[in-house]
Structures are given as structure tokens and as C-alpha cells.
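Just so it is clear, the structure is predicted and the values come from calculations on it, not from any experiment.
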Amino acid sequence: MQHPTPITPGPGQESVWDYPRPPRVDASSERVVVRLGGAVIADTTSAVRVLETSHPPVYYLPVSDFAPGALTRTSGSSMCEFKGRAAYFDVHGGDGRTVSRGAWTYPTPEPGFGELVDRVAVYPSEMDSCEVAGERVQAQAGDFYGGWITSRVVGPFKGEPGTMGW
């Protein structure tokens, strides 16, 4: 396994290699906007970020800050060794656009992750756009990951080919 060489952060940047493992939840007052099907489906200044070594932040937004009808609970679940069992949502936007299992939540997270109750994360790769403080994010590579990459975070990031063993 090849070990990554962390990129040195510049002024105002964070390195994902300085994030902890197990992950930490941090509050964010930055404006976060999510669009799907040409419509704003979420807009908040009350997000939290989950920060985990080698991963760009995952933003969790209050369910109350999603547009009415934007989320419908769907079947299936997955397990995170730190946060617990996730439940999924289909995400509905403008023009009748729906993304199956495009968002997830932790209804009863493990201790230390209580801030995730009543919050939802979306896969930025499946949305028209996700923005943090006016900056359009890039999606973390890989089908499993939901990280949000902005100019304020540097990697390398888990999810690219050859990074599964990190």
C-alpha cells in the first residue's frame, strides 16, 4: 500500500490529514445551498461538518431547512463504525427530478454524534450543485463517499483509485 503525502495547507486552508479519527462534528455558520432540478432544495446557515482523517468534510443540514417535499424516506440502511446505522432518503427537486437514495441521516447516532439527529447529508455528485459560502463544491471521488471539496481543504482525499487501504 502506498502511503499518501499530505499537501501542506496554505493560508485559510485545512488539511484533511489534520482531521481526527474517529471523526469529529463541528458546527458551521457558513451558508450552504443545495440545488436539484433547477430548484433550491436546501438553504441553511446551521449545518455541521463531520471531519475525518483523509476525507473532505461531509455537511449535514437540518431537515427543517429542506424545501417541503424534497426528502422522502426510502428503504435500506448502512452502517458506519463511528456514527451508527444510516437511513436513506430519495431527494426530489424541480422539474420532477428525483435522485434515489441521494441523501442519508443517522436517526439514532452513536454517542458523540448526537448533533447529527434531525440532520441530512446529500451526495454532492448527485445534485445539480452544492455550495458553501458561495463556492460550488466538488464531490469526493468514489461511489460510497459524500465529502464536499472546497478550495479551503487540501488532500489527497480518500476515494480516488488506490486509496481504499488508507
Side-chain angles (χ1 to χ4, degrees), residues 2-67 70-71 78 80-83 86 89 91 93 99 102-106 109-110 112-166:
Q2 182 177 357
H3 291 281
T5 302
I7 297 168
T8 302
Q13 291 183 315
E14 302 172 338
S15 170
V16 298
W17 293 93
D18 292 331
Y19 293 165
R21 189 167 173 89
R24 177 179 78 232
V25 179
D26 278 353
S28 173
S29 61
E30 298 171 300
R31 185 171 183 205
V32 175
V33 178
V34 178
R35 290 180 179 82
L36 180 64
V40 172
I41 61 163
D43 190 340
T44 190
T45 54
S46 299
V48 298
R49 305 182 308 157
V50 172
L51 309 177
E52 181 177 356
T53 304
S54 78
H55 295 267
V58 175
Y59 283 77
Y60 287 79
L61 290 59
V63 70
S64 59
D65 288 343
F66 279 81
L71 302 171
S78 62
C80 171
E81 65 182 305
F82 302 113
K83 297 179 289 292
F89 293 98
V91 183
V99 175
W104 71 98
T105 188
Y106 290 93
E110 293 295 318
F113 294 93
E115 297 101 325
L116 300 183
V117 171
D118 295 326
R119 292 182 183 274
V120 175
V122 300
Y123 289 106
S125 62
E126 299 292 335
M127 303 296 117
D128 291 352
S129 66
C130 297
E131 297 173 9
V132 176
E135 180 182 351
R136 187 176 182 145
V137 306
Q138 290 181 283
Q140 181 179 10
D143 326 357
F144 178 76
Y145 303 109
W148 296 35
I149 300 171
T150 66
S151 62
R152 294 184 317 257
V153 294
V154 296
F157 306 111
K158 188 168 184 166
E160 296 287 342
T163 64
M164 289 304 292
W166 290 1

Chemist: Between E52 and R21 (salt bridge meaning N to carboxylate O under 4.0 Å), is one present in this structure?
Modeler: yes
Chemist: Can you name the nearest heavy-atom pair linking D128 to L36, along with the distance?
Modeler: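 Distance-wise, the nearest heavy atoms are OD2-C, 3.3 Å.
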Chemist: Once rounded to the nearest 0.5 Å, what's the spacing between atom OG1 of T150 and atom CD of Q138?
Modeler: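 So the gap between those two atoms works out to 9.5 Å.
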Chemist: Run the numbers on V137 and I149 for side-chain contact (heavy atoms from CB on, under 4.5 Å), then give the verdict.
Modeler: CA-CA 5 Å; V137 306; I149 300 171; 5.8 Å; no
Chemist: Yes or no on ring pair (Phe, Tyr, Trp, His ring centres under 6.0 Å) for H55 and Y145, after CA distance, side-chain angles and deciding distance?
Modeler: CA-CA 9 Å; H55 295 267; Y145 303 109; 5.3 Å; yes
Chemist: Quick check: closest heavy atoms across V122 and A103, and the distance to 0.1 Å?
Modeler: CG1-CB, 3.9 Å
Chemist: Would you say Y59 and C130 make side-chain contact, with heavy atoms under 4.5 Å?
Modeler: no
Chemist: With distance as the sole test, does T53 use its side chain to make a donor-acceptor pair with the main-chain N or O of W17 at under 3.5 Å?
Modeler: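 No.
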Chemist: Do T163 and P4 come close enough that some side-chain heavy atom pair is under 4.5 Å?
Modeler: no
Chemist: What's the shortest heavy-atom distance between G102 and V91, and which atoms?
Modeler: C-CG2, 3.7 Å
Chemist: Side-chain contact, heavy-atom cut-off 4.5 Å: W148 with V32?
Modeler: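 A side-chain contact under 4.5 Å exists here.
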Chemist: Is it the case that the side chain of D43 and the backbone of V33 share a donor-acceptor pair, with hydrogens and angles ignored and the cut-off at 3.5 Å?
Modeler: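 No.
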Chemist: Please determine whether the number of non-hydrogen atoms from other residues, nucleotides or ligands lying under 6.0 Å from atom CG of D118 exceeds 12.
Modeler: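 Open: at most 12 neighbouring heavy atoms sit under 6.0 Å from CG of D118.
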Chemist: Check V48 against A27 and note the closest heavy-atom contact, atom names and distance.
Modeler: CG1-CA, 4.1 Å
Chemist: Between E14 (side chain only) and P9 (backbone N and O only), is there a donor and an acceptor less than 3.5 Å apart?
Modeler: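 No.
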Chemist: So, R31 and E131, do they make that salt bridge, N to O below 4.0 Å?
Modeler: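 No, no charged N to carboxylate O under 4.0 Å.
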Chemist: So, Q140 side chain and K158 main chain: donor-acceptor pair closer than 3.5 Å or not?
Modeler: yes
Chemist: Quick check for you: to the nearest 0.5 Å, what is the distance between I41 atom CD1 and D65 atom CG?
Modeler: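 Taking CD1 in I41 and CG in D65, the distance rounds to 12.0 Å.
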Chemist: Measure across S46 and R119 and return the closest heavy-atom pair with its distance rounded to 0.1 Å.
Modeler: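 What the structure gives for the nearest pair is O-NH1, 2.5 Å.
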Chemist: Contact between Q13 and I7 at the side-chain level, heavy atoms closer than 4.5 Å - yes or no?
Modeler: no
Chemist: Minimum heavy-atom separation for P156 to P6, with atom names?
Modeler: CD-CA, 3.8 Å
Chemist: Below 30° counts as parallel, above 60° as perpendicular, anything between as tilted: where do the rings of Y60 and W104 land?
Modeler: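 Perpendicular: the ring planes of Y60 and W104 meet at over 60°.
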Chemist: One thing to verify: whether E30 and R49 come together as a salt bridge, which I'm taking to mean a side-chain N less than 4.0 angstrom from a carboxylate O.
Modeler: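 E30 and R49: not salt-bridged.
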Chemist: For the OH atom of Y19 and the CZ atom of R24, what is their distance to the nearest 0.5 Å?
Modeler: 8.0 Å
